[in-house]
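Each chain gets a letter, A, B and so on, in the order the sequences are listed, and its residues count up from 1.
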Number of protein chains: 2
Amino acid sequence: MEGSSTEEAIIDAAHRVFLKKGRAGARMREIAEEAGLNRGLLHYYFRSKEKLFEIVLLGSAKRLFGGSMRILNADLDLFEKIRQFVANFITVVLTDPSMPIFVLHELHANPERYSRLLLSEGLRPDPASFFAQIRAAAAAGVIRPVDPAQLMMNIVSLCMFPFVGSVSFKIILGIPEERYKEILDARKKEVAELIIDSIRPLEETAGTGRDRDA
Amino acid sequence: MEGSSTEEAIIDAAHRVFLKKGRAGARMREIAEEAGLNRGLLHYYFRSKEKLFEIVLLGSAKRLFGGSMRILNADLDLFEKIRQFVANFITVVLTDPSMPIFVLHELHANPERYSRLLLSEGLRPDPASFFAQIRAAAAAGVIRPVDPAQLMMNIVSLCMFPFVGSVSFKIILGIPEERYKEILDARKKEVAELIIDSIRPLEETAGTGRDRDA
DNA sequence: GTCTATAATTTGATAGAC
DNA sequence: GTCTATCAAATTATAGAC
């Protein structure tokens, strides 16, 4: 299982180049330069660009979805689970912010070919138990009745999109990289509290906002 | 300003191919086939792939950001503005769901080159007046005190990400295209209410959820 | 304006020396 | 294992006939 130093150097370089340029935009020449190695070595170790790409894509998908998905299926209080999921997800992606746009773009450009990666071993994202927990909490009155799919979509959107749209946000908000990282870091709490507030029962305040639609 | 039928057919075909495959993955041959035209015509009308690509990218960016941005700067009540923004944005993107991932991927792959597009005429996204409105509403007690940047990020994330991650969501949720469109459509109201709930003043219920952190 | 033929590069991949 | 030289295919772009 232990790869040679050269092998690892190639994968690391390929990871950087593929995540920046994408499968079609990446060049084997550039990956070799990035690794400081001869071009022929890439084919000696991995035979083809496609093979190297699939290693990078699978690795990225696992890091992107794997860890946080385990939290969703863990044995935790619903609110605490949401807090841990959000904090963990943002922390992980902050170490490699291009992962989301890379994985999602490749899945979009070639869904027939790479969708199976999402269902491969070590990933297998199964929201069933999380959804059941949501429905049980709603039935018990611990949270409002909500569509589990919408809730999950809200959580993931709030966590992941700021990475996907980072270039646009930085331009539109007119802020530099450093400041943007601070904003992302603040979202570890911001997002969790927003989500939890949105599902916490309304209690006696049910009528608070019901008179503003007319 | 009126292009020939052939010119339009090329742009339409280029739009479809570029949005699906991206700049690097698209092929002039495929665009020609998609348009049912000879390959030479693409160069006769647009000279190079790069030129054609920039037309498609600029057009997509305008449709993606332009219309909804105008709503943000319109003279509207804050809550109503949020409702209109969300509904308008989702409606527009539903007509061409690949726009977000396309634009954001190209900006990510080549920010130095294409960032200026976001600041070009007909776009010029300026959140200053919207941010001022948010601060004024907070000062007046109409909403809670919030970071305008985080609020805007929340709104855009909830609207745009479900399109960016549609392939993943459909797989993970195990649902077909048709059902997914319904979920997206439901978000026109879902997202607006979630956002508005999150900024509406807490009033007398300030202590409701403050005893669950210990 | 539209088509065919072809030029000019680029790029992934292989062969073979060391 | 690593390097150089080279092949074969693909791709953008142009030239020129019609």
For this session: Ignoring backbone atoms, test whether B:T6 places a side-chain nitrogen or oxygen under 4.0 Å from the OP1 or OP2 oxygen of C:dT2.
Result: yes
For this session: Output all residues satisfying ring-ring contact (aromatic ring centres under 6.0 Å, His included) with A:F169, sequence neighbours left out; order by chain, then residue number.
Result: A:F161
Exercise. What's the CG-C1' distance between B:N38 and C:dT6, to the nearest Å?
Worked result: 13 Å
Problem set entry | B/S/- contact track for nucleotides 10-18 of chain C, protein heavy atom under 4.0 Å | -SSBB----
Problem set entry | Nucleotide D:dT11, atom C1' - distance to CD1 of B:I31 in whole Å | 12 Å
Problem set entry | Which residues share a side chain to side chain donor-acceptor pair (under 3.5 Å) with B:R39, sequence neighbours left out | none
Exercise. Of all residues at least two apart in sequence or in a different chain, which pass the ring-ring contact (aromatic ring centres under 6.0 Å, His included) check with B:F130?
Worked result: none
For this session: Any pair with a residue in residues 163-173 of chain A that passes salt bridge (charged side-chain N to carboxylate O under 4.0 Å, His left out), sequence neighbours left out, goes on the list, sorted by first then second residue, please.
Result: A:K170-A:E177
For this session: Using the test side chain to side chain donor-acceptor pair (under 3.5 Å), find all partners of B:E112 that sit at least two apart in sequence or belong to another chain.
Result: none
